[in-house]
Amino acid sequence: MWRPKNLLGCVWSALLLNLLQGAAGQRTPTISYITQEQIKDIGGTVEFDCSVQYAKEYNVLFLKTDSDPVFLSTGSTLVIKDSRFSLRYDPNSSTYKLQIKDIQETDAGTYTCQVVISTVHKVSAEVKLSVRRPPVISDNSTQSIVASEGSSVQMECYASGYPTPTITWRRENNAILPTDSATYSGNILRIKSVKKEDRGTYYCVADNGVSKGDRRNVNVEVEFAPVITVPRPRLGQALQYDMDLECHIEAYPPPAIVWTKDDIQLANNQHYSISHFATADEYSDSTLRVITIEKRQYGDYVCKATNRFGEAEARVNLFETIIPVCPPACGQASYAGAEEVAATSFALVGILAALIFAR
């Protein structure tokens, strides 16, 4: 009886060993390691490691799984025909190593290591590659604005790049922003009630630490009614000499400018010469030259400027003097040689002497 019992035990042991070996041979493949997320510069090199277990009888694939998946390799064979890609297999660690050299911006995305078990069963692991890209300000950002004084203004600035760029606003010559600060951070810069002093160039600066960043100029133009200043509201000149009357106008859009005397609009003729000079979009200078002054030409002159937002006017009084005022009475004396200046001086002295002896 002893031998049969011993024989039966041996048989059960052999069966159990075979079952265990069979179970071991049928273990489901697994991915024991995948490289963590990678962040690289353009032109750099990256390597993805994928370690698999129990996958000798199965295909191991590398794919770029974005919106349109691309197969890169199967087993130890590289499928993609790109010299920047290479593949190695380390049998000691059962690790597949996918390397990409000279990284381009288009290489960014998700890479998947996959073991195909059946048509409906796959084992996968993913690793993300991010490529640092310098900021580029988007075309949907504000380029210029024209707004009426008192209205609200909104400037927008967006930029692509990796890491995500930060947006900073500045003004030309580091002037204070309408936010009462030299800089403002954020995609949108708002001005609740824009004033004419807010017009000018604003800078949207995008920076993410990659290269020098990107910058866009945003021109803000504010429409407003004319404002007139007169540098010399009272001017004297002798009879039969010329005199220039000036006014400076600040307005946008550029205004229509006229000169009047006694409610009559003046024009270019033998008595008057009118000239306008635009020094900038918002600034104009106007000069009225009274030619060979006669008695009736003394009095108040009005410089008037008008645009669709309003009008303004300022007065200049021209009065009679005995001694001619130079310039413009002396013509081009300020550019003359020493002899001309001396001659003018002697002439003035002669006039003064005649007036004194006449008394």
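Since we're looking at a predicted model, the values are computed, not measured.
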Would Tyr58 and Val116 satisfy side-chain contact (heavy atoms from CB on, under 4.5 Å), going step by step from the backbone distance to the final call? CA-CA 6 Å; Tyr58 300 93; Val116 181; over 6 Å; no
Report yes or no: do Phe62 and Ile80 belong to one cluster of Ile/Leu/Val/Met/Phe/Trp/Tyr joined by side chain heavy-atom distances under 4.5 Å? yes
Basic-acidic side-chain contact under 4.0 Å: Arg296, Glu294: yes
Residues, nucleotides or ligands: over 12 heavy atoms within 6.0 Å of Arg170 CZ: no
Path from Val131 to Tyr162 over hydrophobic side-chain contacts below 4.5 Å: no
Side-chain heavy atoms of Ile137 within contact of Cys157, under 4.5 Å: yes
Can you check whether Ile264's main-chain N or O pairs, donor with acceptor, with Asp262's side chain at less than 3.5 Å? no
Single-linkage hydrophobic cluster Leu177~Val194, side-chain heavy atoms < 4.5 angstrom: yes
Pair Glu221-Asn219, side-chain donor/acceptor within less than 3.5 Å: no
Should Ile257 and Cys303 be marked as a side-chain contact (heavy atoms from CB on, under 4.5 Å) after you check the CA-CA gap, both sets of side-chain angles, and the distance that decides it? CA-CA 7 Å; Ile257 304 169; Cys303 173; 4.3 Å; yes
Examine distances only and state if a side-chain atom of Thr260 and a backbone atom of Asp263 form a donor-acceptor pair shorter than 3.5 Å. no
Nearest non-hydrogen partners of Ser93 and Gln53, listed with the distance: O-NE2, 4.4 Å
Are any side-chain N or O atoms of Asp66 and backbone N or O atoms of Pro69, one a donor and one an acceptor, separated by less than 3.5 Å? no
For the ring pair Tyr96 and Tyr89, is the centre-to-centre distance below 6.0 Å? yes
dist Ser284:OG -> His276:NE2 (nearest 0.5 Å) comes out at 8.5 Å
Closest non-hydrogen contact found for Ile191 with Pro178 is CD1-CG, 3.5 Å
Between Ser141 and Glu156, is any side-chain donor less than 3.5 angstrom from a side-chain acceptor? no
Sub-3.5 Å donor-acceptor pair from the side chain of Thr321 to the main-chain atoms of Ile323, do we have one? yes
Any Ile39 side-chain heavy atom under 4.5 Å of Arg132 side chain: yes
With rounding to the nearest 0.5 angstrom, report the SG to CG distance, Cys326 to Asp242. 11.5 Å
With side-chain contact (heavy atoms from CB on, under 4.5 Å) as the test, would you mind laying out the steps for Ile249 and Cys247 before giving the verdict? CA-CA 7 Å; Ile249 302 100; Cys247 69; 3.6 Å; yes
One pair to check against side-chain contact (heavy atoms from CB on, under 4.5 Å): Thr77 and Leu87. What are the steps and the verdict? CA-CA 7 Å; Thr77 303; Leu87 182 71; 5.9 Å; no
Short question: side chain of Thr166, backbone of Asp207 - any donor-acceptor pair under 3.5 Å? yes
Do Tyr158 and Val218 land in one hydrophobic cluster if side-chain heavy atoms of ILVMFWY residues count as linked below 4.5 Å? no
Does a sphere of radius 6.0 Å around CD in Glu37 hold more than 12 heavy atoms from other residues, nucleotides or ligands, not counting ones at 6.0 Å or beyond? yes
Donor-acceptor pair, Ser181 side chain versus Thr183 backbone, under 3.5 Å? yes
Would you please indicate if the ring centroids of Phe224 and Phe309 are separated by under 6.0 Å? no
Just so I know, are the side chains of Ile167 and Val205 near enough to count as touching, which here means a heavy-atom distance under 4.5 Å? no
Taking the side chain as everything from C-beta on, heavy atoms only, tell me whether Leu72 gets closer than 4.5 Å to Leu63. no
Taking every non-hydrogen atom, the tightest pair across Val222 and Ser148: CG1-C, 4.4 Å
Can you hop from Val230 to Val290 via hydrophobic side chains spaced under 4.5 Å? yes
Ile117 side chain near Thr28 side chain, heavy-atom distance below 4.5 Å: yes
Taking Trp169 for the side chain and Gly186 for the main chain, is one N or O donor matched with an acceptor at less than 3.5 Å? yes
Could you state the interatomic distance from NZ (Lys261) to CZ (Arg315), rounded to the nearest 0.5 Å? 11.0 Å
Straight-line distance of Ser51 OG to Lys97 NZ, nearest 0.5 Å: 7.0 Å
Considering all heavy atoms of both residues, which atom of Pro163 and which atom of Val210 are nearest to each other, and what is their separation? CD-CG2, 4.2 Å
Heavy-atom side-chain contact between Ile34 and Glu126 under 4.5 Å: no
If you compare all heavy atoms of Ser185 against all heavy atoms of Thr168, which two are closest, and at what distance to 0.1 Å? OG-OG1, 4.1 Å
Could you walk me through whether Tyr111 and Phe48 pass ring-ring contact (aromatic ring centres under 6.0 Å, His included), step by step? CA-CA 8 Å; Tyr111 291 79; Phe48 303 124; 4.8 Å; yes
Flag yes if more than 12 heavy atoms outside Lys128 fall under 6.0 Å of its NZ atom; otherwise flag no. no
Value for OH (Tyr203) from CG (Asn217), rounded to nearest 0.5 Å, stands at 5.0 Å
Just wondering, do Trp259 and Lys304 contact through their side chains at under 4.5 Å, heavy atoms? no
Taking every heavy atom of Pro135 against every heavy atom of Ala206, the minimum-distance pair comes out as CG-O, 3.6 Å
Let's go through Ser124 and Gln114 carefully: what are the C-alpha distance in whole Å and the side-chain angles of both, what is the deciding distance for side chain to side chain donor-acceptor pair (under 3.5 Å) to 0.1 Å, and is it a yes or a no? CA-CA 4 Å; Ser124 302; Gln114 188 175 90; 3.1 Å; yes
Only one of Lys64, Lys40, Arg84 passes side chain to side chain donor-acceptor pair (under 3.5 Å) with Asp107; say which it is. Arg84
Salt bridge (Lys or Arg N to Asp or Glu O under 4.0 Å) with Arg199: which of Glu250, Glu149, Glu223, Glu172? Glu250
With a 3.5 Å distance limit and no angle check, can you tell me whether Asn208 reaches the backbone of Arg133 through a side-chain donor-acceptor pair? yes
Modelled atom types, side-chain donor and acceptor of Tyr301 and Tyr272, under 3.5 Å: yes
Using the rule given for salt bridge (charged side-chain N to carboxylate O under 4.0 Å, His left out), can you reason through Arg88 versus Glu47, listing the C-alpha separation, both sets of side-chain angles and the distance that settles it, and then say yes or no? CA-CA 10 Å; Arg88 292 183 294 112; Glu47 187 170 87; 3.1 Å; yes
Would you say that Met243 contacts Val325 through its side chain, given a criterion of any heavy-atom pair below 4.5 Å between the two side chains? yes
I'd like to know whether CZ of Phe71 has more than 12 heavy-atom contacts from other residues, nucleotides or ligands below 6.0 angstrom. no
How long is the span from the CD atom in Gln38 to the OG atom in Ser130, to the nearest 0.5 Å? 9.5 Å
